Amino acid sequence: MASSFAQVRQAIKTKVETVAGFKLVPFPPNYFRRIQNTIAHKGFTVDMPTSSDGGERMRRGLTYVSSTVRVIFAFRLRPKDIITDYDLCMNAEEDIINAVLGPVQEIKIRYNRSTRDVPDSMEYMITTLEFTILHTITN
């Protein structure tokens, strides 16, 4: 059975929401961090920036696709507990990775990498998790 791009993104969103306290921000992924009100403690977005041929032979009515999915989230760093919160953010990162890698029908998920950034204000740590999703779409 095929999984559309929207269905893949929705499946990842649902998995992240199972991690305590994480809530989807109500803005498009490209606006995360660009405007101030997109940043909230444990606010996240799911971005699907690229998709390409999945490298497998096409079957009647199905196309194999490899999609990059990024989960981007903010974690507040309290002024007097920055180092503690930095470590707590990395623990939350592992929780999200484990949640996303849990079994899902119709798609295969592979973790690629994480990037972490603390802006000059040191108010939040922004973490980006990147996954490769192998799925099929109907043609």
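It should be emphasised that the depicted structure is a prediction, and the values quoted were computed from it without experimental measurement.
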Roughly how far, to the nearest 0.5 Å, is [atom2] of [Y] from [atom1] of [X]?
X      : Y      : atom1 : atom2 : result
Arg78  : Thr84  : CZ    : OG1   : 7.0 Å
Gln10  : Ser4   : CD    : OG    : 10.0 Å
Glu123 : Asp85  : CD    : CG    : 12.0 Å
Ile12  : Arg70  : CD1   : CZ    : 14.0 Å
Leu134 : Glu106 : CG    : CD    : 13.5 Å
Ile133 : Ile107 : CD1   : CD1   : 5.0 Å

Grouping I, L, V, M, F, W and Y whenever their side-chain heavy atoms are under 4.5 Å apart, do [X] and [Y] come out in a common cluster?
X     : Y      : answer
Leu88 : Phe73  : yes
Val71 : Ile97  : yes
Leu77 : Phe44  : no
Val46 : Ile109 : yes
Met90 : Met122 : yes

Taking all heavy atoms of [X] and all of [Y], pick out the closest pair and write down the distance.
X      : Y     : result
Cys89  : Phe75 : SG-CB, 3.4 Å
Lys15  : Thr18 : O-OG1, 2.5 Å
His135 : Ser67 : NE2-OG, 2.9 Å

Test item: [X] and [Y] side chains (from C-beta on) under 4.5 Å apart, heavy atoms:
X      : Y      : result
Thr45  : Tyr31  : no
Ser3   : Val104 : no
Tyr86  : Val118 : yes
Ile96  : Leu129 : yes
Val69  : Arg9   : no
Arg116 : Glu93  : yes

Review point. Per the side chain to side chain contact (heavy atoms under 4.5 Å, CB included) rule, which among Thr127, Thr128, Val25, Thr115 passes with Ile72?
Key: Thr128
Exercise for review: Evaluate side chain to side chain contact (heavy atoms under 4.5 Å, CB included) for Leu24 paired with Glu17, printing each intermediate quantity in order.
Suggested key: CA-CA 8 Å; Leu24 186 71; Glu17 287 177 329; 4.1 Å; yes
Review point. Which pairs pass ring-ring contact (aromatic ring centres under 6.0 Å, His included) with one or both residues in residues 87-114, sequence neighbours excluded?
Key: Tyr111-Phe131
